[in-house]
> 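My structure is below; once you've seen it, I'll send some questions.
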Amino acid sequence: MKITKVTTYSTHTTQFRNFNFVRVDTDEGIHGIGELFCVGADVAVQEMVKYVSEWVVGMDPLDRERIQKRIFNYSRFPGGSVLYTAASAIDLALWDIAGKVANLPVYKLLGAVRDKVPVYCHARGKNSKETLENVMPKLEKYGYKAFKVGVRSLGYHPYGKAEKELDEMFDGLRTALGDDMEIGIDMQSKIYEPFEGRRVCNLLEPYRPFFVEEPIRSDNLENWAEMAEGVNVPLATGEEIFDPWSWEKLISLHAVDILQPDILLAGGFTGMRKIAAMAEPSFRKLSPHNPLSTLANCINVHFCMCTYNVTFLENEPREEGMDADLVTDVLKVKDGFITPNDKPGWGMDLNYEFLEAHPPIVWSRVNLSSPNAYDMDGAPHIM
């Protein structure tokens, strides 16, 4: 069996960004699908897939490691996020093909370690009252046993305002929901200084957070070791880390408790299994970053089914409307868990008529008219 064609697709549904996909076809009529992470420039990512496909066409699709090493090694200079998501999406499509060849779900190729995957959802609101109004319908309908919140003022001066809002948020949520609900927080890498990251983490200690995600940026990994000294809450990061050398360094620092790699960026299924293997000896768990499409959600469920050292998977319900129409099948949340189906490969395909009917948009994460784009002195700020 040989690869004959690599095709990219881009579509816009309900999120502020596009969803981008890869399809790999073979000379035996078997094809596989994968998803690209939206690192910012969708067109650049698609062009990268087309560029590296010249090194992939004609190869045996079951030689996944060999193909991935071709993509990385033939790029001459070390690749960044655009190359890594291209290689990841192609890898994911190859795993889909492997499952179809074996007539097995992907996770069964490696053997299941659990029966179902626990998932957590998002909760949004300016304060605890608004957040509870947002999240309670999801907790009641889908049975989630964990969720995470955000406080938008974190990272902006005056810091005291954000700290008060953070304390109110967790005090209100813990009072309303008790200690049985796992509550994490995503601080979205908006704090630069390790001392302030440490201060807000310690503020949350009495509320026993499930995790504190990205209290500081992941650019400087030594800062995590500095910040972690004296912090007694579980720290989490990883969505912006993709190469194995950075993962090895982060894990060796023993500063982060929960790792959050993105399977669409960190080398696909092949790369994620290596990260999990590096993390297991120090008892670090993975909670994969999973904010994108129904397909990405399915792929992550397969990964969690066959990987021992994982905890809750990030998830938002993708069972209705455009999210469900995007694919030929959909996985559903029941009692806070997702169980994959027993179909070969990922167990779903893209709805190509839907993709054609919903073209991509030009989007940007940055809104230059928003106050959140600037610090109080007008300097650009991470949004």
Side-chain angles (χ1 to χ4, degrees), residues 6-13 15-24 32-50 52-53 56 64 67-68 71-72 79-97 106-107 117 119 218 237-244 246-247 259-276 286-307 310 313-316 318 323 326-327 331 338 340 345-346 348-350 355 360 363 365:
V6 181
T7 311
T8 61
Y9 301 89
S10 186
T11 187
H12 181 248
T13 60
Q15 289 196 17
F16 65 90
R17 54 195 162 193
N18 299 316
F19 294 147
N20 303 286
F21 305 99
V22 165
R23 171 171 162 152
V24 175
I33 55 174
E35 185 166 347
L36 295 148
F37 191 73
C38 49
V39 297
D42 293 339
V43 175
V45 170
Q46 292 170 51
E47 286 299 318
M48 179 63 80
V49 173
K50 293 176 186 176
V52 302
S53 68
V56 171
R64 296 177 295 274
I67 288 171
Q68 188 164 98
I71 293 173
F72 289 145
S81 59
V82 172
L83 179 67
Y84 264 81
T85 192
S88 300
I90 291 170
D91 178 79
L92 295 170
L94 300 181
W95 278 94
D96 190 23
I97 290 172
V106 169
Y107 77 90
V117 176
V119 290
S218 58
T237 192
E239 68 183 67
E240 296 181 2
I241 302 172
F242 44 85
D243 67 81
S246 297
W247 277 110
L259 309 178
Q260 299 172 310
D262 194 303
I263 202 165
L264 311 185
L265 184 61
F269 221 83
T270 299
M272 286 282 281
R273 287 182 55 75
K274 294 175 182 178
I275 295 168
L286 277 65
S287 176
H289 184 237
N290 181 35
L292 293 184
S293 87
T294 317
L295 174 61
N297 185 60
C298 171
I299 290 168
N300 274 294
V301 168
H302 279 260
F303 173 77
C304 292
M305 284 291 293
C306 61
T307 307
V310 298
L313 169 66
E314 181 178 11
N315 170 266
E316 276 291 281
R318 297 171 170 95
D323 285 327
L326 178 64
V327 291
L331 303 183
I338 297 179
W346 302 133
M348 63 174 62
D349 199 358
L350 297 169
L355 295 176
W363 66 276
R365 184 183 177 93

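Every value quoted in this text rests on a predicted model; they were computed, and no experiment measured them.
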> Are the side chain of Ser246 and the backbone of Ile241 linked by a donor-acceptor contact shorter than 3.5 Å?
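No, the answer is negative, given that no donor and acceptor are paired below the 3.5 Å cut-off.
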> Could you list the residues that satisfy side chain to side chain contact (heavy atoms under 4.5 Å, CB included) with Glu239, not counting sequence neighbours?
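Expected list: Glu213, Glu214, His289.
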> Taking only residues two or more places apart in sequence or in another chain, which ones pass ring-ring contact (aromatic ring centres under 6.0 Å, His included) with Phe242?
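By the ring-ring contact (aromatic ring centres under 6.0 Å, His included) rule, Phe242 matches Tyr84.
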> Could you pull out the closest heavy-atom pair between Ser10 and Gln46, with the gap in Å?
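Residues Ser10 and Gln46, closest heavy atoms: CB-NE2, 3.5 Å.
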> Within the structure provided, determine whether Leu292 and Gln15 are in side-chain contact (heavy-atom separation under 4.5 Å).
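Heavy-atom side-chain distance check passes, below 4.5 Å.
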> Quick one: list whatever passes side chain to side chain contact (heavy atoms under 4.5 Å, CB included) with Val52, sequence neighbours left out.
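Counting only residues at least two positions away or on another chain, Val52 forms a side chain to side chain contact (heavy atoms under 4.5 Å, CB included) with Met48, Trp55, Ile71, Leu83, Ile90.
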> Report the distance from atom OG1 of Thr7 to atom CD1 of Ile33, rounding to the nearest 0.5 Å.
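That separation rounds to 12.5 Å.
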> Might you point out which heavy atoms bring Ala86 and Leu36 nearest each other, and give the distance in Å?
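Here Ala86 and Leu36 meet closest at CA-CD2, 3.7 Å.
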> Would a 4.5 Å heavy-atom cut-off, applied to side chains only, mark Phe37 and Ser88 as touching?
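No, every pair of side-chain atoms sits at 4.5 Å or beyond.
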> Tell me if a side-chain donor or acceptor on Ser287 pairs with a main-chain N or O of Gln260 at a distance below 3.5 Å.
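Not a single qualifying donor-acceptor pair exists.
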> Check whether any side-chain N or O of Thr294 sits under 3.5 Å from a backbone N or O of Asp323 as a donor-acceptor pair, and report yes or no.
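Looks like yes, one N/O pair under 3.5 Å.
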> Ignoring hydrogens, what is the shortest heavy-atom contact between Val45 and Val39? Give both atom names and the distance.
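Nearest heavy atoms, Val45 then Val39: CG2-CG2, 3.7 Å.
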> Locate the shortest heavy-atom distance separating Val24 from Ala93; write the atom from each residue and the value.
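Closest approach of Val24 to Ala93: CG2-CB, 3.6 Å.
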> Just verifying a value: how many Å separate Asn315 CG and Asn297 CG, rounded to the nearest 0.5 Å?
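Going from CG on Asn315 over to CG on Asn297, the span is 5.0 Å.
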> Could you check whether any side-chain N or O of Asn300 sits under 3.5 Å from a backbone N or O of Ala296, counting only pairs where one atom can act as donor and the other as acceptor?
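Side chain of Asn300 to backbone of Ala296, a donor-acceptor pair under 3.5 Å: yes, one is there.
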> Is a donor on one side and an acceptor on the other found under 3.5 Å between the side chain of Gln68 and the backbone of Gly268?
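Not at all, since once roles are kept as given, no pair shorter than 3.5 Å links the two residues.
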> Are the side chains of Pro244 and Lys274 in touch, meaning some heavy atoms are under 4.5 Å apart?
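Not touching, per the 4.5 Å side-chain cut-off.
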> Given side chain to side chain contact (heavy atoms under 4.5 Å, CB included), test Val82 with Glu47 step by step and report yes or no.
CA-CA 10 Å; Val82 172; Glu47 286 299 318; over 6 Å; no
> Got a second to check how far Asn290's CG is from Cys298's SG, nearest 0.5 Å?
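Separation between the atoms: 10.5 Å.
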> Working to the nearest 0.5 Å, report the span between OG of Ser293 and CG of Leu350.
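Answer for the OG-CG pair, Ser293 versus Leu350, is 7.5 Å.
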> Quick check: do Leu295 and Leu326 have side-chain heavy atoms less than 4.5 Å from each other?
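The answer is no; the side chains never approach within 4.5 Å.
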> Output the distance between atom OG1 (Thr11) and atom CG (Leu355), rounded to the nearest 0.5 Å.
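It comes to 5.5 Å.
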> Got Asp243 and Phe72 here, is their nearest side-chain heavy-atom distance under 4.5 Å?
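Sidechains of Phe72 and Asp243: no contact.
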> Checking Arg17 now: which residues fulfil salt bridge (charged side-chain N to carboxylate O under 4.0 Å, His left out) with it, not counting sequence neighbours?
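Applying salt bridge (charged side-chain N to carboxylate O under 4.0 Å, His left out) to Arg17 gives none.
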> My understanding is that only residues two or more places apart in sequence, or in another chain, count here; which of them pass side-chain hydrogen bond (donor to acceptor under 3.5 Å, both in side chains) with Asp42?
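Asp42 satisfies side-chain hydrogen bond (donor to acceptor under 3.5 Å, both in side chains) with Asn18, Asn20, Trp363 only.
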> Under the ring-ring contact (aromatic ring centres under 6.0 Å, His included) rule, collect the residues that match up with Phe269, sequence neighbours excluded.
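Partners of Phe269 by the ring-ring contact (aromatic ring centres under 6.0 Å, His included) criterion, ordered by chain and then number, come out as Trp95, Phe303, Trp346.
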> Can you name the closest pair of heavy atoms from Pro291 and Arg318 and give their distance?
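Heavy atoms only, the tightest pair is C-NH2, 3.3 Å.
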> Quick one: CG on Leu92 to CD1 on Ile97, what's the gap to the nearest 0.5 Å?
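It comes to 11.5 Å.
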> Could you go step by step and tell me if Trp247 and Leu259 meet the side chain to side chain contact (heavy atoms under 4.5 Å, CB included) rule?
CA-CA 9 Å; Trp247 277 110; Leu259 309 178; 3.8 Å; yes
